[in-house]
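Read the structure below first, then the notes.
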Amino acid sequence: MVLKAFFPTCCASADSGLLVGRWVPEQSSAVVLAVVHFPFIPIQVKELLAQVQQASQVGVTVLGTWCHRRQEPEESLGHFLEGLGAIFSHKPWFQLCRERGSKSWSCKATHWQGPASPAASGEDQVMLIFYDQRKVLLSQLHPPTALPNRQAGDTTASAGGLAAVFDTVARSEALFQSDRFDEGPVRLSHWQSEGMEASILVELAKWAAGPVCLFLACLLSLISAASACRVFKLWPLSFIWSKLSTCEQLRHRLEQLTLIFSTQKAESPAQLMRKANMLVSVLLDVALGLMLLSWLHRKDLIGQLADALIPVADHVAEELQHLLQWLMGAPAGLKMNRALDQVLGRFFLYHIHLWISYIHLMSPFIERILWHVGLSACLGLTVALSILSDIIALLTFHIYCFYVYGARLYCLKIHGLSSLWRLFRGKKWNVLRQRVDSCSYDLDQLFIGTLLFTILVFLLPTTALYYLVFTLLRLLVVAVQGLIHLLVDLINSLPLYSLGLRLCRPYRLAAGVKFRVLEHETGRPLRLLMQVSGWPEGRSQMLRQPGPVWFSRECPESHLRRLQGAE
Amino acid sequence: MEDEQSFSDICGGRLALQRRFYSPSCLEFSLSCPRITLRSLTAVTCTVWLAAYGLFTLCENSMILSAAIFITLLGLLGYLHFVKIDHETLLIIDSLGIQMTSSYASGKESTTFIEMGQVNDVVINEAIYMQKVIYYLCILLKDPVEPHGISQVVPLFQSAKPRLDCLIEVYRSCQDILAHQKATSTSLEGGDKIISASNRRSHSGMGAYWHRQEDRR
């Protein structure tokens, strides 16, 4: 039977001592976590292991001996190490040995029968697998954190295979707390024995995170309570809030910030990653917004924008008037019905006249409004872009109105035509059965129906043309708004933290492991190196986060469907 | 122990199967695909440059020629890095798992590791590929829900596509190791109860033994 011994690469150059770790019987593998150096007192070693076992719920024991010797073998050390097997008896007892300066390793695993009959002990083949403790600890490939009611030293059948190894290393943080600068009774070698790895900034951030999160969570809950109060739920206001994309974006950001600054810890690494991504995207957003603000103020663009806005609105209105004059004439050589044409044309021209007067009324306040809107960029670039999209919607409100009128008229005409066409053929729509049935009409019904049908057919080209023109204009405006929303969506949902981790620390986003066979000599045990492999190169799925729902409202397919139904 | 044999793939190109026997429980197979030939490289480059020259004579814009050079270079680099596989390796470690590595011509390696607990069996399957019926080696993965069911089929040596004689060699060695692994796993289920019981023995009064050892030294 081949036993597996997982040995940390940092201990390969450590001095002789005892191997401390966990034995996983189902995998018949031993996970070595640290090496205890001479001199030590067995009682103290056992106390330390009992403490670690209680703190981490991992069954840490002494697994065997480690001997790192010079060229000439020391006989006394060899006997001494064998004698230790009787003190810390463990089945199987591992004896790893390495010659200093060479790559030849030897390991034996014996089943110690007792001091009386050493000859009856059996030996098994051992396979050495080296692993990098730091990367395995930080790669989070182990199952999620343990439930609180687990007993000490248990081995779960569900944590199968290598996940058990990762789980062991990840949960044994208590063993890695002491380094060689501590004056404790037991000297250990592990990945942090040269000094605990920590960053001052991270520690300060952790220390400050508690009160800051509490304060911000209270503030955010106040804001959300204020926004959820009954005043805003009244009909006109709630309708306006639902149509403005700025409110959606602000609500989305508020939700994200509440999640980030909530006082609960993240349950799983995936949630932690999501929170980190959200935080990074919020910070990037605010930074871009501040850059935009400084650029606007430096060139005094707001004043220029306000001055240019009225002439632009006038220009758009003039262009629309020209378009309507063209439609009222003979557009593209088509002959329109003169009376209907004039009625519709004059109706729309009057609307444009109203619109221009409204814009001129607002003109003194435009600069003030734009300045306040520009301030909102410090909340984030996405908010500024949403406000821009809303401003475009408000400025092109007349196009929207024209589209609605044209569409309603067209829809009415089509319904009338289809119903009268059925009458022409002697059929009727049965509302109860939702199907077309034959029906016998009276002569006068048929006569009037045919007349109306003819009238509607001849008025169809005019209405259809108006409908087509205004629908195209509306689609243009929707396309511009859609592009802006796409940009906002991109900033919202891009997982920048994960991308940064992929570049700087790929083992944090580990997806699996890979093995490499190291130099092998016959008669020596097989040595493998286990490496944590990064994000799989072939797959390029992005962990996009869900954004607010308004983009899907404006997506082209749904819009086309709505246009046909003329909502 | 290393061993090299020569086989052919389904199109008739030459493959080299290198077998490394590290121990009775660890085996590595390396199948190297046919290299890019100078002939095909020259043919592609000439075609692209002739087409670019043809466009140039039509449009009289010299940017087309430099664009053609860039496209050829970038295309070649992309092909070597993303498409052309140099050799594929299969590493089987008893009681640990099976690892497949594809090495691209630019040196990039893409690795997949499957734990032994998830492997149901290794078989040779038939498949219809274009107008041919070919054989391929694949790993059957266990279904977590049903103990004897199969959840996924993972094909091996997709780029090399060796013929049946090569596959049989690999198949025999894999089956030896899998059979050995299954035998040990069934014996382990009976034996581990004894081991875990003995680990819970208590140790007391060992301090006295330690001092006695010190005196002897």
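Every value quoted in this text rests on a predicted model; they were computed, and no experiment measured them. First the proteins, then the strands, lettered A, B, ... as listed; each starts at 1.
- Of the atoms belonging to A/Lys4, it is side-chain heavy atoms, and not backbone ones, that fall under 4.5 Å from chain B.
- Taking 4.5 Å as the heavy-atom cut-off, the residues of residues 91-106 of chain B that approach chain A are B/Leu91, B/Ile93, B/Asp94, B/Ser95, B/Leu96, B/Gln99, ordered by number.
- Within a 6.0 Å sphere centred on OH of B/Tyr129, other residues, nucleotides and ligands contribute 12 heavy atoms or fewer.
- For B/Leu74, the CG atom is densely surrounded, since the number of other residues' heavy atoms within 6.0 Å is greater than 12.
- Enclosure of atom CD in B/Glu2 by more than 12 non-hydrogen atoms of other residues, nucleotides or ligands within 6.0 angstrom is indicated.
- Distance SG/B/Cys26 to CZ/A/Arg527: 13.0 Å, rounded to 0.5 Å.
- Of residues 5-12 of chain B, no residue lies under 4.5 Å from chain A by any heavy-atom pair.
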